[in-house]
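Remember, it's a predicted structure, so these values are computed and weren't measured experimentally.
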Amino acid sequence: MPPKRKATAPAAERPNGSPPSKKGRPDLHQPHPNAKQTEEFGIVLRQFYPPEMSNERCQAYTDGKLERPIETLQKACRETAEKRRSINVGSAVVHWFKSDLRLHDSRALHTAYQFAKENQVPLIGLYIVSPEDWAAHSISPARVDFTLRTLKRLQQDLGELDIPLHMETQEKRKAIPKRIVELCQLWGAKNLYANIEYEVDELRREAKLVRLCADSDINFTSTHDTCVVTPGALASQQGKQYSVYTPWYRSWLAFLKENPDYLEVSEEPGSNPGNARQQFKDLFDCKVPTAPKTHTLSDEYQKRLEGLYPAGEHEALQRLDNFLEEKGNKYEELRSMLSGENTSVLSPYFACGALSARTAAVTAKRTNKGHLDRYDPGYMTWISELAWRDFYKHVLVNWPFICMNKCFKPENTNIEWEYDKDQFQAWCEGKTGFPIVDAAMRQLRHCAWMHNRTRMVVSSFLTKDLMLDWRRGERYFMENLIDGDFASNHGGWGFGSSTGVDPQPYFRIFNPLRQSERFDPEGEYIRHWVPELREVSDKAIHEPYAKGAAVIAQKNGYPKPIVDHAESRDRALERFKSALQK
DNA sequence: TGCAGGTTATA
DNA sequence: ATAACCTGC
């Protein structure tokens with residue numbers, strides 16, 4: 001049992017009815033209790049989100065006047081370096097698994113195993129479930145289920161090497177560092193390894209653990225692994241971090257050309273010494289934790305997800321090979337087409353770390369005759385999608401305030417958003433009357449996954465056509481996607497809502513009709529997800545009520561469009577324009 | 001990885 | 001009449 005924590009103080013004891021905790025999730029449908037305080041930052045009172053970090057504070061991060069979480073970690077490592085050097089081997093080495101649930105090509109796991117092997121002590125795997133963490137970060141039940149299924153495979157794979165995987169639940173995320181130290185002490189482990197996660201909470205927790213370990217005579221090594229190129233490694237000629245994809249991508253390619261070792265995959269660990277099974281007998285019987293009540297799935301949904309996304313790194317590697325072999329060279333041409341399987345659907349595996357981005361890049365490079373940036377446009381385009389994943393993580397590390405409900409661009413602070421509950425619900429349920437939007441939202445509900453093209457379409461629709469706050473959409477995606485990853489999801493929503501990085505000389509508003517006609521010309525995707533429109537002709541399916549299919553649509557209960565795109569477009573242009581003038 | 005409104009090319 | 005192409009936002 002985890003130690004009992006003090007309950008949150010009742011509302012009466014909190015000043016000004018402030019929310020229970022800083023980490024608590026604001027109610028989307030009520031004005032936030034602190035909304036008044038936001039006046040001083042020029043934020044409208046009606047907003048439903050907690051006060052945003054002030055633009056001044058954001059600027060201070062950008063200018064390097066405030067310590068970014070990555071620097072907090074670096075400082076902790078620096079200041080404890082000497083102390084850690086004097087720590088001895090101990091009787092075991094621990095690798096703390098987080099979102100790196102694989103054996104193949106994990107920097108920290110590889111280093112941990114090498115150290116264990118050299119010193120002839122066993123390696124132990126550790127995974128800690130924190131339901132509070134999942135709730136605070138809006139991790140979806142689908143992703144929780146996928147993680148737990150992946151853990152099961154991981155345990156089997158490690159077991160074959162006589163490496164145990166200890167798994168346990170800690171209700172409170174704050175209890176995790178102390179618990180890890182406790183476990184290391186219990187096992188006599190003096191050396192702990194982990195790969196870095198780049199979100200703000202995670203980096204600060206890592207820094208705390210580095211110090212806590214050093215104080216407890218444990219050497220904790222925290223390793224860069226999840227990106228192909230380490231965040232912070234790429235800077236412009238003026239020494240600034242990039243916030244625009246294209247120049248960043250050029251720099252990413254150049255970096256990998258100059259530093260080919262970044263594309264070297266690390267080997268899987270080998271077997272533990274023969275006596276490991278006796279020494280840590282109990283650890284081998286560990287059960288995979290169960291999902292908290294808030295994150296359990298219906299049997300039907302669970303079975304479906306299991307069929308769609310079988311867990312484990314073997315599945316991931318096989319998917320990677322199959323995709324590159326069969327579809328990689330047609331990727332540029334077909335990736336946006338919505339019917340049929342033209343994309344790799346590897347995102348769930350990247351999100352929980354069953355597949356390393358580096359392995360994906362190396363394999364694609366090999367398939368593309370050894371090139372990242374020339375030869376076959378199909379592979380090149382797919383590699384640049386891997387680069388997008390790196391890019392958004394780099395952005396997160398450099399501008400950490402985006403973790404705090406903040407737009408990247410300060411001038412977007414003043415955009416006046418709508419908070420219409422019914423329209424938001426129609427969007428969630430796929431009942432907006434825009435077939436392409438509805439098909440996509442139903443795909444999300446059914447598969448916990450959505451095609452990237454339609455992610456752009458529905459995010460643009462929510463934020464431009466409905467003018468609803470992009471943060472509501474961002475959160476809904478996290479709550480429902482099996483591949484929900486903070487940096488990629490936030491980045492995508494910044495793109496779709498035009499509040500993120502990637503400034504354009506024009507203002508981008510997707511036209512749902514045009515997108516539908518271009519990327520689902522036969523209406524196959526729509527027909528699959530919107531059964532009400534199955535009898536409608538190819539021509540009319542993108543806009544049934546305007547193209548002579550009103551009778552069929554009505555008969556089958558398909559809703560009329562809840563907004564007029566042209567009018568909404570004008571409103572969005574107006575709102576963004578006036579926010580810039582303030 | 002945009003759209004809209006125009007012009008030009010072709011039948 | 002239609003599609004392909006161009007250009008400003």
Side-chain angles (χ1 to χ4, degrees), chain A residues 242-250 252-253 327-328 330-338 342-345 347 373 377-392 394-395 408-409 411-412 415 434 436-437 440 450-465 467 470 473-474 477 483 485 487-521 525 538-539 542-543 546-547 561 563-581:
Chain A
Y242 296 98
S243 62
V244 180
Y245 178 74
T246 310
W248 175 91
Y249 178 53
R250 274 196 278 270
W252 186 83
L253 289 168
K327 294 161 186 164
K330 288 181 233 132
Y331 183 72
E332 196 217 10
E333 187 193 338
L334 296 178
R335 70 191 158 132
S336 285
M337 299 315 284
L338 296 168
N342 302 310
T343 66
S344 63
V345 198
S347 52
D373 57 344
Y379 297 117
M380 283 157 56
T381 309
W382 195 73
I383 290 164
S384 100
E385 298 295 337
L386 289 173
W388 272 105
R389 178 181 174 278
D390 264 23
F391 174 64
Y392 283 137
H394 287 209
V395 169
F408 180 77
K409 282 190 275 184
E411 60 269 33
N412 288 328
I415 295 167
F434 288 79
I436 189 73
V437 173
M450 195 192 287
H451 192 288
N452 190 51
R453 169 56 51 179
T454 40
R455 291 189 200 206
M456 295 188 255
V457 173
V458 303
S459 62
S460 176
F461 185 81
L462 184 85
T463 55
K464 313 283 173 59
D465 287 80
M467 207 64 221
W470 62 276
E474 181 206 13
F477 265 35
D483 61 20
D485 167 83
S488 297
N489 189 48
H490 185 283
W493 276 91
F495 179 94
S497 65
S498 305
T499 64
V501 288
D502 183 45
Q504 293 294 321
Y506 50 86
F507 185 64
R508 187 194 282 122
I509 298 178
F510 283 73
N511 181 332
L513 179 61
R514 198 174 136 69
Q515 291 283 318
S516 190
E517 286 170 346
R518 277 173 67 189
F519 302 117
D520 189 27
Y525 181 75
D538 291 9
K539 282 272 176 228
H542 309 288
E543 205 183 15
K547 302 255 169 71
V563 288
D564 177 276
H565 173 69
E567 279 173 23
S568 302
R569 185 171 193 278
D570 291 343
R571 175 178 66 175
L573 286 165
E574 202 47 54
R575 292 275 176 97
F576 272 77
K577 208 172 110 193
S578 65
L580 284 176
Q581 283 163 357

Separation of atom [atom1] in [X] from atom [atom2] in [N], rounded to whole Å:
{"X": "A:Asn342", "N": "B:dT1", "atom1": "CG", "atom2": "C1'", "result": "16 Å"}
{"X": "A:Ile436", "N": "B:dG2", "atom1": "CD1", "atom2": "P", "result": "16 Å"}
{"X": "A:Phe507", "N": "B:dT1", "atom1": "CZ", "atom2": "C1'", "result": "16 Å"}
{"X": "A:Asn511", "N": "B:dT1", "atom1": "CG", "atom2": "C1'", "result": "16 Å"}
{"X": "A:Arg569", "N": "B:dA4", "atom1": "CZ", "atom2": "P", "result": "5 Å"}
{"X": "A:Glu567", "N": "B:dA4", "atom1": "CD", "atom2": "P", "result": "14 Å"}
{"X": "A:Arg518", "N": "C:dA3", "atom1": "CZ", "atom2": "C1'", "result": "15 Å"}
{"X": "A:Asp465", "N": "B:dG2", "atom1": "CG", "atom2": "P", "result": "16 Å"}

Note to self: Classify A:Gln515 by what it touches in the nucleic acid, base, sugar-phosphate, or nothing, heavy-atom distance under 4.0 Å.
What the structure shows: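 Sugar-phosphate: the residue A:Gln515, judged by heavy atoms under 4.0 Å, touches backbone atoms but no base.
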Next item on the list: Assign A:Glu385 to base, sugar-phosphate, or nothing according to its heavy-atom contacts below 4.0 angstrom with the strands shown.
Entry: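 Base, at least one base atom sits under 4.0 Å.
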Starting the side chain at C-beta, find the nucleotide from [options] nearest to [X].
{"X": "A:Tyr506", "options": "C:dC9, B:dT1, B:dC3", "value": "C:dC9"}
{"X": "A:Arg453", "options": "C:dC9, B:dA4, B:dT1", "value": "B:dT1"}
{"X": "A:Met456", "options": "B:dT1, B:dC3, C:dC9", "value": "B:dT1"}

Contacts of [X] that satisfy salt bridge (Lys or Arg N to Asp or Glu O under 4.0 Å) - sequence neighbours left out:
{"X": "A:Arg569", "answer": "none"}
{"X": "A:Arg518", "answer": "none"}
{"X": "A:Arg335", "answer": "A:Glu385"}
{"X": "A:Asp520", "answer": "none"}

Note to self: Check the orientation of A:Tyr249 and A:Tyr245. Use parallel for under 30°, tilted for 30 to 60°, and perpendicular for over 60°.
What the structure shows: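 Judged by the thresholds at 30° and 60°, the geometry between A:Tyr249 and A:Tyr245 is parallel.
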Item checked: DNA chain B contacts among residues 492-500 of chain A, heavy-atom distance under 4.0 Å ->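 Listed by number, there are none.
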Next item on the list: List for me each residue that meets ring-ring contact (aromatic ring centres under 6.0 Å, His included) alongside A:Phe477, sequence neighbours excluded, and say none if there are none.
Entry: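 Only A:Trp493 meet the ring-ring contact (aromatic ring centres under 6.0 Å, His included) criterion with A:Phe477.
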Next item on the list: Begin from the C-alpha positions of A:Val501 and A:Phe495 and carry the test side chain to side chain contact (heavy atoms under 4.5 Å, CB included) through to its verdict.
Entry: CA-CA 7 Å; A:Val501 288; A:Phe495 179 94; over 6 Å; no
